[in-house]
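Since the structure comes first, as structure tokens, the remarks are kept for the end.
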Amino acid sequence: MKNIYILGAGNMGQGILFGLRKKFSVRHLKPIEICVERAASLAAFGFEVADRIESIDNDDVVVLAVPPQNFKSVVRDNQSLLGYGGTVLSVMAGVTVSELCGTLVHARIVRSIPNIPAEVGEGVTLYYVQNNRDSNLIAVAEMIFGAIGVCIRVEDECQIDSGTALAGGGPALVAYFANALLLYAEYVGLNPESAWKVIAQLLYGTSLLLKSTNKMPMKLCDEVQTKGGTTEQAILVLEQHGLNEIVLLALAAAAKRSEALGRENFSGGCYEH
């Protein structure tokens with residue numbers, strides 16, 4: 001692999017770009033961005049930014065990180081992709097492998113959904129490849145996604161839509177809950193700086209504990225709460241208000257939206273849920 005082209009330097013594209021910078025030289029990372037402000041910001045970090053791919057080798061890797069509704073126009077502006085025989089990693093919500101292959105006239109496609117913690121090398125990426133026998137394609141995907149966190153290969157492409165909801169949107173749901181904790185901390189009198197330190201450490205420490213011990217979440221709940229105690233009371237209120245059901249509804253809605261994005265911009269696809 002010579003270069004990694006990142007088409008689209010929005011939040012996700014930048015997250016991948018900065019995550020990869022920890023493992024790959026900046027001179028091999030090639031962001032493609034038409035927004036002048038974003039391009040200037042990336043150039044200040046030492047990236048060589050262009051507004052299109054002028055030429056590309058089959059040894060290079062392309063990451064498609066543009067909004068799905070912009071995909072076809074981006075291909076029109078980057079005609080070199082149509083004659084390209086290397087690896088394409090798509091992180092676009094809703095756009096299926098068959099749609100990618102049809103538009104790019106190309107078969108070496110990985111459909112994936114990473115998330116924004118990729119920026120600090122702690123992301124999680126679900127990915128799907130149509131050809132299980134293409135070991136090189138899988139190896140490239142594992143190398144790129146492994147450089148920005150944990151990667152998990154799924155056997156059913158339809159799971160990518162669910163993964164978009166769970167993994168892709170999950171950080172925002174966690175952050176939304178963190179904001180509720182933050183509001184409470186400020187409500188009871190902690191100054192904003194102290195409140196932020198408490199909440200950030202709560203999230204970090206709890207995540208590290210779960211990951212290090214392999215404990216299931218409810219096991220940790222049982223260890224923290226005691227019968228008749230304060231934490232049990234808090235959990236009871238969450239259960240009475242149906243938090244589990246609300247989260248399930250939210251994730252289902254996000255997965256449906258992922259499917260709809262594909263339908264709005266393409267025909268066909270994997271929508272049998």
Side-chain angles (χ1 to χ4, degrees), residues 12 15-16 18-20 22-23 89 91 110-129 132 135 138-182 184-185 196-252 254-255 258 273:
M12 192 66 256
I16 295 171
F18 282 104
L20 290 176
K22 299 176 187 299
K23 299 288 180 70
L89 310 178
V91 304
V110 178
R111 184 183 172 194
S112 65
I113 180 66
N115 63 11
I116 203 66
E119 183 175 343
V120 292
E122 294 294 343
V124 58
T125 303
L126 302 182
Y127 76 94
Y128 169 80
V129 295
N132 293 333
S135 58
I138 294 169
V140 172
E142 293 272 343
M143 178 178 62
I144 299 296
F145 297 136
I148 57 176
V150 174
C151 57
I152 299 168
R153 183 176 158 210
V154 299
E155 298 296 329
D156 183 350
E157 185 179 358
C158 292
Q159 290 177 314
I160 294 295
D161 288 315
S162 301
T164 300
L166 180 60
L173 300 186
V174 173
Y176 194 87
F177 183 72
N179 185 65
L181 296 175
L182 187 64
Y184 172 78
W196 168 244
K197 285 182 179 179
V198 170
I199 303 312
Q201 187 61 30
L202 274 175
L203 295 173
Y204 175 76
T206 304
S207 296
L208 187 60
L209 181 60
L210 287 170
K211 187 172 182 178
S212 299
T213 62
N214 286 321
K215 289 179 181 177
M216 297 302 291
M218 290 311 297
K219 170 65 174 172
L220 183 56
C221 282
D222 290 340
E223 291 179 357
V224 174
Q225 64 184 342
T226 55
K227 188 168 181 59
T230 58
T231 305
E232 183 188 63
Q233 190 62 41
I235 297 295
L236 284 173
V237 171
L238 294 178
E239 289 184 344
Q240 288 166 2
H241 285 78
L243 179 64
N244 287 332
E245 289 77 11
I246 290 171
V247 172
L248 286 173
L249 286 172
L251 291 172
S258 176
H273 294 288

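Bear in mind that the values here come from a model prediction, so they are computed numbers and not experimental data.
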Inset, instruction - Run the numbers on L173 and L251 for side chain to side chain contact (heavy atoms under 4.5 Å, CB included), then give the verdict. - result: CA-CA 9 Å; L173 300 186; L251 291 172; 3.5 Å; yes
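- In this structure the side chain of L89 reaches within 4.5 angstrom of the side chain of F145, judged on heavy atoms.
- A distance of 4.5 Å separates CE of M12 from CD1 of I116, quoted to the nearest 0.5 Å.
- At least one side-chain heavy atom of V129 sits under 4.5 Å from a side-chain heavy atom of R153.
- Between atom OH of residue Y176 and atom CG of residue L182 there is a gap of 13.0 Å, rounded to the nearest 0.5 Å.
- Remark: N115 CG to T164 OG1 distance equals 11.0 Å, nearest 0.5 Å.
- Sorted by first then second residue, the side chain to side chain donor-acceptor pair (under 3.5 Å) pairs that include residues 203-215, not counting sequence neighbours, are K215-E223.
- Annotation: side-chain contact (heavy atoms from CB on, under 4.5 Å) contacts of L20 (sequence neighbours excluded): I4, I6, I16, F24, L29, I144, A147, I148.
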Inset, instruction - Give the intermediate values and the outcome of side chain to side chain contact (heavy atoms under 4.5 Å, CB included) for residues I152 and T125. - result: CA-CA 6 Å; I152 299 168; T125 303; over 6 Å; no
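- No side-chain heavy atom of E232 sits less than 4.5 Å from a side-chain heavy atom of T226.
- For the atom pair T231 OG1 and D222 CG, the distance stands at 11.5 Å (nearest 0.5 Å).
- Contact detail for R111 and S258: the closest heavy-atom pair is NH2-OG, 4.4 Å.
- Judged by distance alone, the side chains of E142 and Y127 do bring a donor and an acceptor atom under 3.5 Å apart.
- Residues A167 and V124 come closest through the heavy atom pair CB-CG1, 4.0 Å.
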